[in-house]
Amino acid sequence: MTLTLRPITGPDELDLFNAFPYVLNAEIEGDLTAGRRRPEWLWVALRGDRVTARAGWWSRPGDQQPLVMDVFDVQDPDDGVRLLRAAQPAGGTPPDYTRFLAPDWRDHDDARWLDVLEKSGARVFVERLRLEWRPGTPLREPGDRLAFRPPRDADELIGLMTLVLDGTLDAHSRDDLARMTARQSAEQQYREELDRYSSPHDWWRVATLPDGEPVGFVIPAHNGYNPIIAYIAVAPAHRGRGYVDDLLAAGTRLLAEQDVPRIRAATDVGNVPMAAAFARAGYITFEHQVDMTWR
């Protein structure tokens, strides 16, 4: 049967695109309405009326180019390869790919998607833990060794973001540092991510010692889907003293006081100290995230 490769025509074809079960299916209609997706970024491979593969891209509202491919499902691997060749945005390196999976996915997932992506030139960049705090989970009581305040301004926060990149265990940050200075990386993350959250910036907290010296910061936010701990870090000179627990408790408490149904966070599987801090704070691992790149 002839293979047809094409984007969907609009929201009326969402049932066609969602022929494969996946955790993001329920969000796609809302993403189209919010401008995070476009019909021309949602492609299907068809043999007759049977969907044999699909691929979808996501962006922040207002972006003219997709930021990440976050949907890719395959029934026929050869059709999946052909779909990627036809659908990937033209020019330059394709956007990275992200997939959400059960924590034990390596034991149960057939991983055809992984085989096809690797045949297309992608490689696994990092695996991450997706974490969740749920109402009713005990919160660490506030201590008296740190004070918390909002950042004075963007420059103070960017300066702290620059400082904490020294010795970072985060794979994406380490990749940035191979291509740019720490200050450039911090400015880019502030401009392209933190400053674009619509949630109040006065939720953000800098932790200080009694003399006013900053020891770290935490960025509670809402990403348009869930309340999140967007960023948390301790300055190099103050690591190893448990301040991360105070920071995480402060950020979690601030969001919990908004009567939220859950709080999400993520960290690399290899960032063992940060994963342990989330576990101490009562966050559970509900999924894993695999990031792949063509770079």
Side-chain angles (χ1 to χ4, degrees), residues 36 59-65 67-68 96 128 142-255 257-258 263-268 271 273-274 277-278 281:
R36 292 185 286 257
S59 75
R60 300 185 183 98
D63 288 353
Q64 297 306 303
Q65 297 296 324
L67 180 67
V68 64
D96 289 353
R128 291 170 63 78
D144 58 4
R145 61 178 184 165
L146 296 176
F148 293 89
R149 60 167 174 80
R152 296 190 182 94
D153 51 30
D155 193 62
E156 181 190 29
L157 183 58
I158 291 170
L160 290 171
M161 292 169 66
T162 302
L163 180 65
V164 302
L165 286 172
D166 182 11
T168 180
L169 297 178
D170 181 83
H172 288 281
S173 294
R174 291 165 70 93
D175 183 61
D176 281 348
L177 294 176
R179 298 178 288 108
M180 63 185 78
T181 68
R183 178 74 184 195
Q184 289 169 334
S185 174
E187 288 176 342
Q188 177 176 286
Q189 184 170 9
Y190 180 88
R191 182 179 64 253
E192 296 183 1
E193 179 186 349
L194 303 187
D195 195 40
R196 298 180 68 170
Y197 288 128
S198 60
S199 49
H201 290 188
D202 61 11
W203 286 357
W204 304 354
R205 291 291 181 266
V206 173
T208 66
L209 296 173
D211 63 3
E213 180 184 357
V215 303
F217 61 88
V218 61
I219 307 295
H222 197 292
N223 65 1
Y225 302 98
N226 292 286
I228 61 170
I229 299 297
Y231 200 157
I232 181 170
V234 176
H238 298 287
R239 290 172 184 160
R241 303 174 191 176
Y243 291 138
V244 68
D245 295 323
D246 300 279
L247 280 160
L248 184 52
T252 302
R253 181 177 295 103
L254 188 149
L255 290 174
E257 289 171 352
Q258 314 303 314
I263 301 169
R264 295 274 174 86
T267 192
D268 294 358
N271 193 342
M274 194 68 250
F278 278 113

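Each residue takes its place number in the sequence, starting with 1.
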Any donor-acceptor pair under 3.5 Å from R60 side chain to L67 backbone: no
Does the side chain of H222 come under 3.5 Å of the side chain of Q258 through a donor N or O and an acceptor N or O? no
Hey, does the side chain of N226 reach the backbone of R264 with a donor-acceptor pair shorter than 3.5 angstrom? no
Among F217, W203, Y190, ring-ring contact (aromatic ring centres under 6.0 Å, His included) partner for Y231: F217
Measuring from atom CD1 of I228 to atom OH of Y197, what distance do you get when rounded to the nearest 0.5 angstrom? 3.5 Å
How many angstroms lie between atom CG of D245 and atom CZ of F278, to the nearest 0.5 angstrom? 11.0 Å
Taking the side chain as every heavy atom from C-beta outward, state whether V215 and R241 have any pair of such atoms under 4.5 Å apart. no
Looking only at heavy atoms, which two atoms of V218 and P220 are closest? And how far apart? O-CD, 3.3 Å
Check whether more than 12 heavy atoms from other residues, nucleotides or ligands sit under 6.0 Å from atom CD of E192, and answer yes or no. yes
In Å, rounded to the nearest 0.5 Å, how long is the span from CH2 of W204 to CD of E156? 12.0 Å
Looking only at non-hydrogen atoms, find the nearest pair between P142 and R253 and report the distance. CD-NH2, 3.5 Å
A221 and L255 have their tightest heavy-atom pair at O-CD2, 4.0 Å
Just verifying a value: how many Å separate N271 CG and D170 CG, rounded to the nearest 0.5 Å? 7.0 Å
Within 6.0 Å of CG in D144, more than 12 heavy atoms from elsewhere: no
Can you name the nearest heavy-atom pair linking V244 to A277, along with the distance? CG1-CB, 3.9 Å
For L194 and H201 the tightest heavy-atom approach is O-NE2, 3.8 Å
Which pairs would a plain distance check flag for residues 157-167, meaning a side-chain donor or acceptor within less than 3.5 Å of a matching protein atom at least two apart in sequence or in another chain?
residue: T162; atom: OG1; partner: I158; partner atom: O; Å: 2.8

Between the main-chain N or O of Y225 and the side-chain N or O of N223, is there a donor-acceptor pair closer than 3.5 Å? yes
Output the distance between atom CD1 (I229) and atom CD1 (I219), rounded to the nearest 0.5 Å. 9.5 Å
Suppose the criterion is salt bridge (charged side-chain N to carboxylate O under 4.0 Å, His left out): which pairs have a residue in residues 194-204, not counting sequence neighbours? D63-R196
Main-chain N/O of V234 paired with R239 side-chain donor or acceptor, under 3.5 Å: yes
If you measure from CE on M274 to OG1 on T168, what distance do you get to the nearest 0.5 Å? 11.0 Å
Which pair of heavy atoms, one from A207 and one from L146, lies closest together, and at what distance? CB-CD1, 4.1 Å
side-chain hydrogen bond (donor to acceptor under 3.5 Å, both in side chains): which pairs involve residues 174-185, sequence neighbours left out? D155-R183, D175-R179, D175-R295, D176-R179, D176-S185, T181-Q184, R183-E187
